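Remarks on the structure that follows.
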Number of protein chains: 2
Amino acid sequence: MTDDQDPIRGAAGPLPTPTMTDADDAAGGELLRLDRQLCFALYSVSNRITRLYRPLLDELGLTYPQYLAMLVLWERAPRTVGELADALDLDSGTLTPLLKRMEGNGLVLRRRDPADERRVIVELTEAGAALRQAALSVPRRLACHFALPLDEVGPLRDRIKALLPPDQS
Amino acid sequence: MTDDQDPIRGAAGPLPTPTMTDADDAAGGELLRLDRQLCFALYSVSNRITRLYRPLLDELGLTYPQYLAMLVLWERAPRTVGELADALDLDSGTLTPLLKRMEGNGLVLRRRDPADERRVIVELTEAGAALRQAALSVPRRLACHFALPLDEVGPLRDRIKALLPPDQS
DNA sequence: ATCAATCATATTGCGCACAATTAAATGTGA
DNA sequence: TCACATTTAATTGTGCGCAATATGATTGAT
């Protein structure tokens with residue numbers, strides 16, 4: 001339960017070396033090792049991918065989440081905020097200010113749906129639609145950072161998408 | 001190059017349906033499809049994992065990045081901010097306020113290294129070290145959300161860690 | 001018609017994540 | 001010893017990401 005630690009240490013003092021006992025590891029401590037964690041590998045690689053996108057997307061005046069929103073809109077527009085939220089698995093607290101920034105940059109327009117005033121319809125401007133041309137080279141330029149044969153991308157992607165059960169929100 | 005679009009549309013008006021041409025796809029447009037993107041799969045699953053951790057880590061009074069910092073410190077403490085940054089692949093702009101919050105919650109102590117006043121040493125408090133016991137059940141409780149046989153976790157984790165070249169910072 | 005429940009989005013508050021900058025300490029060479 | 005580059009964190013500013021809440025619109029039951 002407790003470490004076989006220095007008995008002199010004060011009750012509120014810092015611990016110099018919090019060692020793990022065999023009992024801890026048997027109870028699950030081995031699974032706490034950062035280098036064994038699938039979740040941290042995913043978290044870390046996701047952060048690093050965003051960093052790799054940054055210089056490419058700076059040329060387009062987009063952040064990575066904004067680029068994702070544009071990918072969705074380039075596939076089909078207009079869409080409501082809710083449809084974007086479903087496609088990106090993000091909520092309105094994230095998307096509303098993101099879309100307002102993109103509107104400020106002249107890439108999209110936001111307007112209430114006349115048929116249902118609760119909805120906000122997001123549509124592409126000319127500039128937003130035209131930006132797709134400049135984005136065409138992004139996937140290939142990013143892919144060159146990956147140490148993965150092209151024919152393994154699809155299977156790995158599908159494996160990762162299948163890791164968690166489909167949205168339970 | 002350009003869509004065969006409605007010639008009547010105004011120059012600044014919104015585009016109803018920004019279709020993709022065969023020429024676009026030949027130039028790389030197929031790769032812009034969100035559902036084909038490995039990067040989005042990683043980004044999305046990382047967000048969802050953080051959401052799954054939240055209720056478990058709420059019990060410990062930790063966020064997911066704070067939990068990661070604790071994992072590192074539980075393995076070995078004290079450490080400098082720079083060593084934490086290396087281990088977590090995060091920078092000081094992220095870690096400094098995170099560590100200050102954890103200090104405010106009584107989990108760590110921060111002090112300058114007397115031998116090199118540029119360094120800040122982060123050490124665990126009694127409470128911070130003791131929290132490891134409560135964290136032991138977290139990996140197992142999170143893992144039950146994963147649709148992955150246990151013996152496939154290690155290989156998949158190593159595959160993801162090998163996706164990008166080791167830190168080039 | 002009215003009211004309650006539901007729905008879609010916006011707002012607020014907090015905590016990352018990182019670029020750019022600042023500041024202080026250290027090391028190095030002339 | 002005195003520049004001067006380097007190292008290490010902290011600070012500032014911007015943009016996510018989400019919980020909790022608020023606002024307003026719609027639907028449905030009566």
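Just so it is clear, the structure is predicted and the values come from calculations on it, not from any experiment.
- Within the nucleic acid shown, G93(B) comes within 4.0 Å of at least one base atom, counting heavy atoms only.
- The interatomic distance linking L57(A) (CG) with dC16(D) (P) rounds to 11 Å, in whole Å.
- Sequence order on DNA chain C of the closest nucleotides to L98(B) and S92(A) puts S92(A) first from the 5' end.
- Checking the phosphate oxygens (OP1, OP2) of dC16(C), no side-chain nitrogen or oxygen of K100(B) falls inside 4.0 Å.
- Without hydrogens or angle criteria, E123(A) side chain to A77(A) main chain gives no donor-acceptor distance under 3.5 Å.
- Side-chain nitrogen and oxygen atoms of T63(B) include none within less than 4.0 Å of the OP1 or OP2 phosphate oxygen of dC14(C).
- Across all strands, T50(B) comes closer than 4.0 Å to no nucleic acid atom at all (heavy-atom distances).
- Contact annotation: R54(A) side-chain N/O to dA17(C) OP1/OP2 distance is not under 4.0 Å.
- Atom CZ of R112(A) and atom P of dA25(D) are 8 Å apart (whole Å).
- Residue-to-nucleotide contacts include a donor-acceptor pair under 3.5 Å from the side chain of R118(B) to the base of dT7(D).
- Cluster annotation: I121(A) and L84(A) are assigned to distinct hydrophobic clusters (Ile/Leu/Val/Met/Phe/Trp/Tyr, side-chain heavy-atom contacts under 4.5 Å, transitive).
- Phosphate proximity of dC16(C) to Q66(B): present, with a side-chain N or O under 4.0 Å from OP1 or OP2.
- A donor-acceptor pair under 3.5 Å links the side-chain atoms of T96(B) to the main chain of S92(B), judged by distance alone.
- Going from atom CG of L95(B) over to atom P of dT8(D) covers 15 Å, rounded to whole Å.
- When rounded to the nearest whole Å, the span between CG of L88(A) and P of dC18(D) equals 11 Å.
- Rounding to whole angstrom units, CD1 of residue I121(A) and C1' of dA8(C) are separated by 12 Å.
- When rounded to the nearest whole Å, the span between CG of L84(A) and P of dC16(D) equals 14 Å.
- Residue T94(A) has no polar side-chain atom (N or O) positioned under 4.0 Å from OP1 or OP2 of dG17(D).
- At whole-Å resolution of the value, CD in E103(B) and P in dA9(D) are 15 Å apart.
- Checking dT11(C), dA19(D), dA9(D) against every side-chain atom of D91(A), the shortest atom distance belongs to dA19(D).
- Side-chain proximity of Y43(A) to dT9(C), dA17(C), dT8(D): nearest is dA17(C).
- Taking every side-chain heavy atom of T96(B) into account, dA10(D) is the closest of dA25(C), dG15(C), dA10(D).
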_Run R111(A) and V120(A) through side-chain contact (heavy atoms from CB on, under 4.5 Å) and show every step you take._
CA-CA 5 Å; R111(A) 58 181 172 83; V120(A) 169; over 6 Å; no
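- K161(A) has its side chain out of reach of V45(B): every pair of non-hydrogen atoms, C-beta onward, lies at least 4.5 Å apart.
- Considering only side-chain N and O atoms, R101(B) lies under 4.0 angstrom from the phosphate OP1 or OP2 of dC16(C).
- The separation between Y53(A) atom OH and dC18(C) atom P is 16 Å, rounded to whole Å.
- Checked for salt-bridge contact, R36(B) and E30(B) meet the test: a charged N lies under 4.0 Å from a carboxylate O.
- Map D113(A) and P65(A) each onto its nearest nucleotide of DNA chain D; the residue landing nearer the 5' end is P65(A).
- Between R51(A) and dA17(C), a side-chain N or O to OP1/OP2 separation shorter than 4.0 Å is absent.
- Listed nucleotides dA25(C), dG17(D), dT9(C) differ in distance to L90(A); the shortest reach to its side chain belongs to dG17(D).
- Considering only side-chain N and O atoms, R110(A) lies under 4.0 angstrom from the phosphate OP1 or OP2 of dA10(C).
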